[in-house]
Every structure is written in structure tokens, then in C-alpha cells.
Amino acid sequence: MRVRDLPLSQPVVDHFADRGVRELYPPQRAAVDAGVCEGADVVAAVPTASGKTFVAQLALLTAGGPGLYVCPLRALAREKYETFAALPGVDVGISTGDFDATGEALAGNDVVVATSEKVDSAIRNGASWVDELACVVVDEVHLLGAKRRGPTLEVTLATLRRRNPDLQTVALSATVDNPDAIADWLDAALVESEWRPVDLRTGVAVGGEVGFDDGTSLSVDVGPDETAGDGDGGEARDGDADDTDDPDATEVTAALVADAVADGGQCLAFVRSRREAVDLAERLAEEGLAAALGVEDAAAAAAEEATGVDGTMTGRQLADCLRAGVAFHHAGLRSGHRAVVESAFRERDVACICATPTLAAGVNVPARRVVVRDQRRYGEGGMSWIPTLEVHQMCGRAGRPGLDPHGEAVLVADADTREAVRERYVEGDPEAVESQLADPGALRTHVLAAVATDFAATETEILDVFEGTFYARETGAGGLADAVAVAVDDLVSAGMVARETGGVEDYRLVATAVGETTSKQYVRPETGERIVAGLRAAADLPEATTLTAFEVICDTPDMQDTYLGNAERADVYRFARRNAARLTTDMTDPDDFEGWLESVKTARILDEWIGGATVEELVDRYRIGPGDLDSRVERAEWLLSAAEALGETIGVRVPAVSRARSRL
DNA sequence: TTTTACTCGTTAATTGGCAAAGCCG
DNA sequence: AATTAACGAGTAAAA
């Protein structure tokens with residue numbers, strides 16, 4: 001099947017031909033056969049990099065009206081926006097929390113790219129363009145199994161489809177265990193495929209020996225390379241002979257990376273934590289990878305760029321690594337640093353990125369070889385195996401179409417774990433996607449939204465709204481009845497929703513003014529409640545300052561918490577005591593004292609930030625990553641604006657809130 | 001004999017990432 | 001639960 005036989009305009013066909021796209025990949029052909037170009041609903045469960053974006057473009061280009069492309073990450077939204085904007089004759093708009101490309105009304109665009117939360121928010125705020133859509137494409141739809149964000153995705157999609165029954169729905173998923181359930185939910189045709197444009201072999205490494213799933217094997221030299229020559233024996237025995245006993249996972253990883261780079265291929269190495277990503281990068285910097293790849297100059301240029309971002313310790317470490325042809329990548333990095341790393345890797349100026357799982361789900365950075373050093377991670381209830389789905393996404397980054405003969409994914413294990421790792425990740429299937437809508441917190445949020453937008457005025461009508469969700473299709477909406485009743489009660493006692501007598505049944509549910517503002521500002525009900533209480537308390541304080549404002553917004557579930565080390569606890573405690581007159585919480589009062597102290601720490605950081613402290617100072621005074629500071633500042637802006645709106649709603653003015661906001 | 005360097009064992013600290021407002025005619 | 005950083009004791013080598 002050829003591109004020029006599809007119902008696309010000539011300029012579009014030429015556009016694809018310019019990029020070497022003339023023939024369809026098998027999964028794309030299957031999607032066309034399923035009717036993506038004729039308005040059919042389709043679910044495509046295919047590996048990453050097997051041409052999902054093209055399927056999305058087909059659906060959006062052939063739909064008889066405006067289209068919406070929903071994806072989970074802002075960085076991905078940007079990437080797709082650029083891809084779509086390159087299509088001839090297509091007006092594209094983008095709408096994410098941090099970025100509105102046009103500023104002009106999104107109604108005029110042929111295609112809008114947005115995150116799911118942004119779409120949800122647009123619906124709550126009554127944006128008109130969502131009702132005029134002819135087609136919606138949901139990328140990474142398996143995310144509806146995610147704890148917090150999954151419910152948003154399924155409720156949003158259900159609402160869109162309910163308000164617009166003719167809407168064509170195309171959902172793109174990673175390979176999961178139950179794509180048929182997702183297809184069933186959407187009454188869509190299922191396209192399932194394991195096909196990839198580049199072969200992928202997956203193997204398990206023990207010591208320097210790798211056994212791949214296709215029967216081939218690979219052997220690399222593991223051992224400390226700083227030993228000048230071997231065989232001097234005698235007293236130096238501890239120094240250089242430890243390659244005889246179990247080499248540790250880091251050394252095996254280093255050897256695997258060095259081996260691939262010697263062969264001209266780039267690598268990604270995944271580890272468990274941020275610190276270990278940095279440590280591994282520094283270890284690999286000793287390997288002379290920049291020289292092996294012949295990119296010393298370009299690597300030095302990238303290091304210069306990284307140095308230019310800021311003067312933090314992290315920045316210096318990154319620059320040092322980049323000079324050696326290595327990089328690390330995790331959420332503690334500022335976006336400027338991340339961008340340098342990503343583009344340097346794509347330009348082939350960097351041999352290896354040592355990363356936490358950020359990179360697995362993020363922007364496109366394919367490599368010849370992927371090494372997954374750690375397969376377990378600390379979570380609730382101790383150390384646990386990383387989900388198979390996630391490891392598969394890491395492995396899926398191996399193999400650059402047209403550049404590598406095949407991709408290789410290597411899981412590092414030891415003799416004891418070899419079989420467990422093989423069974424779980426090489427032979428094992430990814431997990432099934434399960435709805436998280438029954439989670440009480442998620443339900444409260446979406447019940448409030450349904451009431452505040454006038455979609456529902458009774459519990460029965462709320463259940464109708466949820467009728468179209470994945471949860472309802474899997475379990476039956478009736479299963480939600482009790483949970484919805486509890487959520488309504490919670491919202492009533494929180495003052496977000498009121499019961500009014502009259503109407504068809506004996507009472508109607510209406511959102512209170514506070515409930516409505518909370519929903520429109522897109523904060524959780526618990527956050528709205530906390531802010532309202534905090535504003536009232538602040539108004540009574542004799543000396544409410546910006547610190548007061550920060551304390552209120554940091555003590556909400558919408559602000560991420562900041563790690564409070566043992567060494568700092570006493571210090572933060574003294575700080576809280578000193579500033580008791582400016583805090584809305586009585587120190588003897590909070591049930592969750594630890595959590596509150598963390599909030600105070602965050603508030604303190606933000607207050608020093610608006611007081612003129614530099615990133616460098618805050619980063620080493622409070623031991624947080626530079627990127628963490630940025631993201632907290634961003635959230636604070638949002639939450640302070642929500643606080644202002646709520647203050648106006650309840651008629652309480654706290655000047656400190658506006659002052660804090662304007663100084664951020 | 002004193003000082004420094006290094007090894008080894010014990011204990012304490014630390015452990016992913018992600019999104020969210022406004023609509024102004 | 002597991003890994004690593006931090007610390008301190010003990011020992012060998014150097015001054």
C-alpha cells in the first residue's frame with residue numbers, strides 16, 4: 001500500500017515523499033484497512049517507533065473537521081506540534097500548561113495539540129472548540145492505568161464522546177496485555193502488531209556474557225580498565241584482579257556501553273535513581289567515549305552550552321561529563337540542560353545518556369543499544385520490580401531506523417536474578433491496563449467537575465456521565481454508585497457542593513461558588529478547601545507576609561513535597577517556631593506534622609526565591625535539584641492565582657497573596 | 001615514635017516522573 | 001529492601 005493511494009492531497013503526499021515516506025508499514029496498513037481514513041474508530045496497540053504518528057496524521061487529515069491530538073507530556077506535545085505544523089495547509093494550535101503557541105482562539109485551527117489535563121480544563125471552562133471536533137487522537141492511551149492521571153484521561157474522553165456522538169476516536173497504545181478491552185470500551189476496531197521497523201533483540205547480561213532472545217550471544221570484557229597491565233601479581237592482588245569474582249552491575253553496564261560505542265553506536269543506560277544516573281555518567285566519563293566516537297570537539301561545544309545555563313553544581317557536573325562524551329538525564333535537571341542533552345544526543349555528539357525513567361516515556365531519543373542496569377526501585381512497600389510495560393518502553397528505544405542494523409536491549413542481572421529477569425521482562429507480557437477511577441480522590445475531583453459544569457445535578461446523572469468511562473465498561477457503572485455517594489457527601493461537607501431541594505427528584509446538586517472556582521482553577525477539592533481555610537486564617541493574622549501565602553499553597557496536595565532530610569529537620573523546625581506568627585497552622589495542631597514541615601521547607605525556599613536568592617544558593621542550601629526549584633516555582637504561580645480567585649470568591653482579601661504572585 | 005594513608009566493617013541516610021489557570025468579545 | 005555515603009577503628013607504610 002502506497003501513500004499516494006491514500007485519500008490525501010497532493011501537497012501532503014509530496015510532503016511525505018520528501019521525507020522518504022512512500023510505502024506504509026504493516027501496522028499502518030492495518031489501521032487504514034480498519035478505516036482510519038474513513039472516520040472509523042480505531043485502537044492501535046503497536047510498539048514505539050512503528051509509525052504511530054503517521055496513523056494519527058492520517059486520521060486528522062482525513063477527518064471532516066477540526067481534530068484534537070491528546071498526549072501526556074508537554075515536551076511530547078511540542079514535538080508533535082512541530083511535526084503537524086510542517087504539514088502543508090494545516091493550521092495547528094497547541095495548548096499545554098506552559099505554552100499556548102498562538103494565543104488566538106483555538107477554534108480556528110485544523111488541529112489542536114494538547115495534554116489531557118488541558119483538554120479537561122478547557123471543558124470545565126466551557127471552551128467552545130471542543131464541541132466542534134470531528135476527530136480526536138489519543139496518544140499513549142495505556143496511561144489510563146496511571147494512578148492520578150488515568151482517571152482524567154478516561155473521563156475527558158468519555159465526556160468528549162458523550163457531547164459529540166459523531167466524534168471519530170483513534171487511540172494509540174503501547175503494547176499492553178488487554179488492548180481488546182480498550183477497543184471494546186471505545187467500540188473501535190483493534191489493530192495489534194509487534195512489528196518494528198528495526199529488529200529488536202533483548203537479552204540478559206550476567207558478568208560479561210549476554211544471551212539474547214533470538215539465540216545469539218555477546219561477550220564483553222568486564223573489568224576495571226585503569227589497570228595498566230595484568231600479571232604483576234604479588235602484593236597488588238586486590239588492586240586489579242577482582243574481575244575473577246562477580247563483577248558488579250555498574251562495571252557490566254560500563255563494558256556494554258564501551259563495546260557499543262567502539263562499534264560506532266550510541267547507548268542509553270537506565271538506572272534507578274537520580275544520583276545513580278550522575279554516578280554512572282561520571283564513571284563512564286573515564287572510558288574516553290568521546291574519543292571512541294570521534295566527537296571530542298562537538299562534545300566540548302555541548303559542554304559549553306551546558307555551562308551557559310547556570311552556575312550550579314549540577315551544571316558543572318553535566319558539563320564535565322559532556323566533555324567526555326557522556327551525559328545524565330533526570331527530572332532534577334532544568335529544562336535547558338535537558339534540551340542540551342537531548343539535542344546533543346540526537347546530533348550524535350554524545351555517546352551515552354545515563355537516565356532515570358524520564359527518558360523512556362519522553363521525547364524521541366533512539367539509540368543503538370539500551371542497557372537497563374536496575375530493574376527494581378524503591379516504592380510503596382519497599383523495593384519492587386519495575387512494571388514490564390515500563391521496561392519495554394525503555395527497551396523500545398533501541399534501534400534507529402535506517403541507521404542501525406538492529407537494536408539491542410540488555411538487562412543487567414546476576415546469576416541469582418537471571419531467570420527472574422528473563423521471565424518477567426524478556427518472555428513476560430506487559431501488564432493489563434486497569435482503570436483507577438474508583439480511587440476516592442480521583443472520583444471527588446471528577447464528581448465536582450461534573451456538577452460544576454452542569455452536566456449532572458443528581459447522583460444518577462453523575463453516574464450517567466461516568467457511563468462512558470473505561471471503568472464503567474469493565475466493571476459496570478453500578479459499581480461506582482456507592483463510591484459516588486461517598487464523594488458527594490465529602491464534597492458537601494467540604495462546602496464545594498450543596499443539596500438544593502426541588503427539581504425532578506427531591507434534591508438537586510449544585511456547586512457552591514467555591515466549588516465552581518475550585519473546578520475552574522483546576523485544583524483538587526482538597527486543595528481548594530485548604531486554600532479557603534488558609535485565606536481566612538491569614539486574614540486574621542496580624543502580620544501575614546508572603547511566607548504566609550506560600551505556606552498555604554505548599555500545604556496542599558497539588559504542591560509536590562520537598563524531601564526533608566534528617567539533618568535539616570531541626571533547622572526547619574526552628575524556622576517554623578520563629579515564624580509561628582506568620583503561619584496559618586498551629587504547630588501543635590497538624591495531624592501530619594512531618595508533611596507540614598515539608599511544606600514549610602518548600603514555602604521557605606519560595607520565599608527566599610522571591611527575596612532574590614539565586615538558583616545556585618538555593619540548590620546547595622536546600623539540596624534540591626535545579627529543575628525541582630523551577631517546577632516548584634511554576635506550581636506556586638498556578639496555585640497563587642487559584643488562591644487569588646478563591647479569595648475573590650469568598651470575599652477575603654489577602655494582599656500578601658498578590659504580592660507573592662507578582663514577585664515570582 | 002609519631003604521622004599519614006589506606007582498608008575494612010558498621011551504621012546512617014536515601015531512594016522516578018508527571019500534569020493543572022486565563023478565554024477578554 | 002537495597003544501595004551507597006559517612007564514619008571510625010585498625011593496620012601498614014612513611015616520616
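Here is the naming used below: chain letters follow the sequence lines, and residue numbers restart at 1 for every chain. This one's a predicted model, so the numbers in the text were calculated from it and none came from an experiment. FYI, side chains are in, hydrogens and waters are out, and symmetry mates aren't considered; it's all heavy atoms of this structure.
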Notebook entry, point to check: From the 5' end of DNA chain C to its 3' end, which nucleotides mark the outer limits of contact with chain A, defined by a 4.0 Å heavy-atom distance cut-off (strictly under)?
Noted result: C/dA1 to C/dA5
Check: When rounded to the nearest Å, what value does the distance between P atoms of B/dG16 and C/dA5 take?
Finding: 14 Å
Notebook entry, point to check: NA contact type, A/Ala331, heavy-atom cut-off 4.0 Å: base, sugar-phosphate, or nothing?
Noted result: sugar-phosphate
Margin query: For A/Arg149, is there an ion pair with A/Glu117 - N to carboxylate O distance below 4.0 angstrom?
Written below: yes
Next item on the list: With a 4.0 Å heavy-atom cut-off, tell me which residues in residues 113-125 of chain A come close to DNA chain B, sorted by residue number.
Entry: A/Thr115, A/Glu117, A/Lys118, A/Ser121, A/Asn125
Checklist line | Check: A/Tyr471 ring centroid to A/Phe466 ring centroid under 6.0 Å | finding: no
Margin query: Under 6.0 Å from the ring centre and within 45 degrees of the ring axis: does the NZ or CZ of A/Arg78 meet both conditions for the six-membered ring of A/Phe99?
Written below: yes
Check: Phosphate oxygens OP1/OP2 of B/dA21: is one of them under 4.0 Å from a side-chain N or O of A/Arg661?
Finding: no
Next item on the list: Take the protein atom CG of A/Asp561 and the nucleotide atom C1' of B/dG17, then report the distance between them rounded to whole Å.
Entry: 13 Å
Next item on the list: Look at all strands and tell whether A/Arg524 reaches a base, only sugar-phosphate, or nothing, counting heavy atoms closer than 4.0 Å.
Entry: nothing
Check: On DNA chain B, nearest-nucleotide positions of A/Asp558 versus A/Trp129: which is more 5'?
Finding: A/Asp558
Margin query: Work out how far the P atom of B/dA20 is from that of C/dA1, and round it to whole angstrom.
Written below: 37 Å
Margin query: Let's see if you can work this out: which of B/dG16, B/dG22, B/dA20 has an atom nearest to the side-chain heavy atoms of A/Lys520?
Written below: B/dG22
Next item on the list: Using a heavy-atom cut-off of under 4.0 Å over every strand shown, decide if A/Ser641 touches base, sugar-phosphate, or nothing.
Entry: base
Notebook entry, point to check: Separation of A/Arg569 atom CZ from B/dA12 atom C1', in whole Å?
Noted result: 13 Å
Notebook entry, point to check: Using a cut-off of less than 4.0 Å, is there contact between a side-chain N or O of A/Arg377 and OP1 or OP2 of B/dG17?
Noted result: no
Checklist line | A/Glu594 and A/Arg569, any side-chain heavy atoms less than 4.5 Å apart | finding: yes
Which donor-acceptor pairs under 3.5 Å do side chains of residues 649-659 of chain A form with protein atoms, sequence neighbours excluded?
from     : atom 1 : to       : atom 2 : distance (Å)
A/Thr649 : OG1    : A/Thr517 : OG1    : 2.8
A/Thr649 : OG1    : A/Ala645 : O      : 2.8
A/Ser658 : OG     : A/Glu644 : OE2    : 3.0

Notebook entry, point to check: More than 12 foreign heavy atoms under 6.0 Å from CE of A/Met313: is that the case here?
Noted result: no
Note to self: Under 4.0 Å, heavy atoms only, any strand: does A/Tyr378 hit a base, just the sugar-phosphate, or nothing?
What the structure shows: base
Next item on the list: Ignoring backbone atoms, establish whether A/Thr356 has a side-chain N or O less than 4.0 Å from OP1 or OP2 of B/dG17.
Entry: yes
Next item on the list: Round to a whole Å and report the spacing from CH2 of A/Trp385 to C1' of B/dT15.
Entry: 17 Å
Next item on the list: Ignoring the backbone of A/Trp638, work out which of B/dC18, B/dT15, B/dA21 is nearest its side chain.
Entry: B/dA21
Notebook entry, point to check: Does the distance from a Lys or Arg side-chain N to an Asp or Glu carboxylate O, for A/Asp120 and A/Arg124, drop under 4.0 Å?
Noted result: yes
Check: B/dA21, B/dT15, B/dG17: which one has an atom nearest the side-chain heavy atoms of A/Arg274?
Finding: B/dG17
Checklist line | A/Leu333 side, atom CG; A/Thr358 side, atom OG1 - distance, nearest 0.5 Å | finding: 8.0 Å
Next item on the list: Could you tell me whether A/Arg338 contacts a base, only the sugar-phosphate backbone, or nothing, with contacts defined as non-hydrogen atoms closer than 4.0 Å?
Entry: sugar-phosphate
Check: Is the closest side-chain heavy-atom distance between A/Gln436 and A/Thr152 below 4.5 Å?
Finding: no
Margin query: What is the separation between atom CD1 on A/Ile553 and atom P on B/dA20, rounded to the nearest whole Å?
Written below: 17 Å
Next item on the list: Check every strand shown and say whether A/Gly565 touches a base, only sugar-phosphate, or nothing at a heavy-atom separation below 4.0 Å.
Entry: sugar-phosphate
Item checked: Option passing salt bridge (charged side-chain N to carboxylate O under 4.0 Å, His left out) with A/Glu390 (candidates A/Arg377, A/Arg424, A/Arg397) -> A/Arg377
Notebook entry, point to check: Using a cut-off of 4.0 Å on non-hydrogen atoms, how would the nucleic acid contact of A/Ser631 be classed: base, sugar-phosphate, or nothing?
Noted result: nothing
Check: Between A/Ala146 and A/Arg623, which has a closest nucleotide on DNA chain B that is more 5'?
Finding: A/Arg623
Note to self: Working note: A/Asp98 + A/Thr96, criterion side chain to side chain donor-acceptor pair (under 3.5 Å); need CA distance, chi angles, decisive distance, verdict.
What the structure shows: CA-CA 5 Å; A/Asp98 64 337; A/Thr96 65; 2.6 Å; yes
